[in-house]
Amino acid sequence: MTYSKEVAERIFKALSKFYDQSERIPISSAHLSGVSYENIGEEGLYFINEILKEGKVAVYTTVNPMGADIYDNIFGINDKFLKRQREIMDAFLRLGVTDSFTCAPFDYFQIPIKNSHVAWAESSAAVYANSFLGIFTNKESALSALASAILGETINSGLHSQINRRTVMKFDLKDVRNEVEAGIYAYYISKLVDRPFSVKMRNEMDSIMKKSFCGALGAVGNVSYFKTKAYLTNEYSIKKEDIKKEFNELCTANSGEIIILGCPHWNHNEIENFVRKMGQRNLRKDCLIACNKRAQNELITRFGKETLNKRRIFLFKNACPIFSPLLKEKGIKSIITDSVKAAHYYRLRNIRVNLKPIQKIIKEETE
Ligand code: F3S
């Protein structure tokens with residue numbers, strides 16, 4: 001047995017104790033977190049580089065974004081960080097993961113077949129997988145997903161079992177009109193539930209609303225599965241003032257120095273929609289959109305990089321702007337975003353947030 005498999009076995013042993021369950025089931029894919037140097041630092045780099053030196057993933061595996069756009073360092077992140085981030089990327093690629101570096105692996109990469117079991121670590125992706133893709137995963141930690149990827153198995157616990165997927169509370173989301181409201185409702189619900197729940201939607205959520213809902217739900221609390229239904233009875237009624245209160249806690253500024261979009265990652269269609277909605281107008285501030293490299297390739301053929309940059313749109317490729325030294329290095333203290341998940345994390349980092357939907361961003365931040 002290789003040393004990396006031994007380490008993975010030790011992680012599983014600890015998990016089995018924790019879950020009081022030793023039965024394992026095969027997985028069809030894994031998604032790993034713990035990729036940004038901002039998060040894992042020297043210790044994490046040492047772990048992947050040295051401890052897992054001869055390791056190989058046993059199943060199709062995608063990975064989370066990095067802490068910087070290492071291909072085009074337009075925002076001037078320091079060289080040491082970029083060097084370390086590249087080393088982390090290389091170490092993951094040596095493990096045999098797919099060159100993905102995204103928190104929305106369902107957009108460009110192999111989607112596991114329905115009803116299959118996977119081990120996905122990114123919280124927003126785990127909620128999305130369970131709730132919209134019909135696959136089964138727990139919200140894995142960086143270590144448990146890594147062990148699963150190496151062994152091709154997971155512990156048969158939590159949301160892998162039908163009995164734990166029974167929904168208890170029911171919510172009517174009739175008032176949800178945009179991605180910020182979708183995120184705020186999810187953020188509020190996450191504080192009320194400790195088991196899967198059902199939501200009734202009047203209108204189908206668009207792709208960014210879905211990502212926003214899953215991102216916010218995954219960011220707080222422990223529930224990674226909900227069902228959407230057209231009809232519910234005895235639903236819990238969410239008061240408008242409670243939603244307003246959540247919003248006011250996250251929206252802490254009237255404006256911001258930079259616009260940050262793409263949390264979770266936008267695909268090229270979502271970015272193209274945003275650009276088309278801008279019409280002939282240009283942004284007044286730099287707008288960074290987090291996305292996968294493949295989204296940029298598609299967009300460049302449609303718009304050209306210079307045209308996007310002239311309009312002050314910059315793609316932050318294969319990277320996450322939140323778990324990044326980006327704002328600290330630029331001395332930025334306030335941002336504009338449409339992402340409740342981003343607002344949640346920025347608040348924890350003392351960054352002031354102007355939270356508003358794309359439509360309002362275009363109205364207020366373009367000329
Ligand atoms: Fe993705 Fe980073 Fe947001 S990993 S979901 S862009 S916090």
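Computed over heavy atoms, backbone and side chain alike; hydrogens, waters and symmetry mates excluded. Numbering of ligands and ligand atoms starts at 1, following listing order. By convention here, the first residue in the shown sequence is residue 1.
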Verdict with reasoning, I260 to L327, per side chain to side chain contact (heavy atoms under 4.5 Å, CB included): CA-CA 11 Å; I260 294 189; L327 299 189; 4.0 Å; yes
Describe, in one word, how the ring planes of F106 and Y128 are oriented to each other, choosing from parallel (under 30°), tilted (30 to 60°) and perpendicular (over 60°). parallel
Answer yes or no for C103: is there an N/O/S atom below the 2.8 Å cut-off from atom 1 (Fe) of ligand 1? yes
Does the distance from a Lys or Arg side-chain N to an Asp or Glu carboxylate O, for K356 and E365, drop under 4.0 Å? yes
Contact atoms of ligand 1, heavy-atom distance to K341 under 4.0 Å: 5 (S), 7 (S)
Begin with the C-alpha distance, continue with both residues' side-chain angles, and end with the deciding distance and a verdict on salt bridge (charged side-chain N to carboxylate O under 4.0 Å, His left out) for R281 and E367. CA-CA 5 Å; R281 298 162 75 88; E367 55 193 8; over 6 Å; no
Ligand-side contact atoms (ligand 1) for residue partner C320, heavy atom cut-off under 4.0 Å: 2 (Fe), 4 (S), 6 (S), 7 (S)
Give the numbers and elements of all ligand 1 atoms closer than 4.0 Å to a heavy atom of P264. 5 (S)
Should the ring pair F197 and F226 be called parallel, tilted or perpendicular, given that the plane angle runs from 0 to 90° and is split at 30 and 60? parallel
Those atoms of ligand 1 less than 4.0 Å from some heavy atom in C263: 3 (Fe), 5 (S), 6 (S), 7 (S)
